[in-house]
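Each ligand, and each atom within it, is numbered from 1 in the order the structure gives. The figures that follow rest on heavy atoms only: side chains count, while hydrogens, waters and symmetry mates do not.
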Amino acid sequence: MSRRLIYLDNNATTAVLPEVVREMVPFFSVYYGNASSAYSLGQESREAVQSARRRVARLLGASEEEIVFTSGGTESDNTALWSALWTSGKRELVTTAVEHPAVHRFCQELERDGYRVRRLPVGSDGRLDPADVARAIHPETAAVSVMWANNETGVLFPIREIGEICRARGVLFHTDAVQATAKLPIALAEMSVDFLSVSSHKFGGPKGVGVLYVRQGVPFRPYLWGGSQERGRRAGTENVAAIVGMGRAAELASERQSEYADRVGKLRDKFERTILAGLTEVRINGHPTERVPNTSNLCFQNVESEALLLELDRQGIQASGGSACSTGSAKPSRVLVEMGLSVREAFASVRFSLGWNNTEDEIDHATAAVVAAVRRIREKLPVALVTE
Ligand code: PLP
């Protein structure tokens, strides 16, 4: 039996686009200069970094000076929160209960050091009420941090409204846009966002590189200290090849974003429609429409996601239970439990996240495989469990 790979875990990471690889390659061995060196080889690297900065700024609707290259989404998240606490001298953060570990775990560490963190709940559809943010802000609040799109469910948060609330209350606002970038239009010049985190490997760029957007005029203190790279905002020799790759991926995303949303959204909707029609006791985790277009988190009652994922993997279909970062842990998804799912329902849930490269044929094939696998797993269950 021929076995083809159908990759449906694009929220974990994406394949590096061929155009991106092509543009990166010369920066490993031809233009290998240090971007801080004064001679021409260094200048080539410096100019390449600047060009990437322009491309990322365009994708985000920001200006070049506001773009700081980092090692990825995690560093950008940690840096933004730390900077807000450091520059404000305040000791409290407001965030949500469903943030990625890059914010959630960092906040837990802050709490161990005596900082206070208010975590706002989400509804059963995974959404946040902006009025809760307004109520949670106190005079001691240094910053609000709310993700733009959830990595497990794809549910969108009201970033524009929250930004306006924070601006009116004089509180810094950070958003983790790792799962939103390139999936929806972002126009930072028109929004009240002070910090925004981006990761290159979620939209066809290489891993280990990202961006922290820092709004012009916002007080900032670096997280990493050393050389004066990134205008003193992030020390360390630039990873030029990776930055070039991220720049090219950002440029392609700027050109293709609306086409992506349309094409991938239609495939995702067809995938869900077919599965919901083909099986009983399946439901979508998260708001049906207020989601990024590529993500489908489904709860299959009376099915253990581990068994389903194993069965799908055997057929070359790659998806995940919860986020990649929590795979391997025996805990249910914190995000789904916060949305009110029982532990059992959380363990019965699978995230499928589509990408630019998925074809309709792949999605049809995956849909049929999911329906058949769920039926098979349910048939093997004792009757008492099925009717529970
Ligand atoms: N934030 C969100 C919402 C994510 O989905 C991820 C990655 O899964 C990160 C942050 C971390 O990004 P990186 O892998 O670039 O450190």
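- In terms of polar-atom proximity, N151 is not counted as a contact of ligand 1, lacking any N or O under 3.5 Å from an N or O of the ligand.
- For E311 and K380, the salt-bridge test fails: no basic side-chain N is under 4.0 Å from an acidic carboxylate O.
- Taking a cutoff of 4.0 Å between a charged side-chain nitrogen and a carboxylate oxygen, R119 and E111 qualify as a salt bridge.
- Salt bridge status for R116 with E140: absent, with no side-chain N to carboxylate O gap under 4.0 Å.
- Within the 4.0 Å heavy-atom cutoff, K202 counts among the residues contacting ligand 1.
- Of all atoms in ligand 1, numbered sequentially from 1 with element shown, those under 4.0 Å from a heavy atom of G72 are 15 (O).
- For ligand 1, the polar-atom distance check against H201 finds a nitrogen or oxygen pair separated by under 3.5 Å.
- Contacts between D176 and ligand 1, counted as non-hydrogen atom pairs separated by less than 4.0 Å, involve the side chain only.
- A side-chain contact (heavy atoms from CB on, under 4.5 Å) with R351 holds for exactly one of L8, N11, L309; it is N11.
- Note on residues 15-44: pairs passing ring-ring contact (aromatic ring centres under 6.0 Å, His included), not counting sequence neighbours, are F27-Y31.
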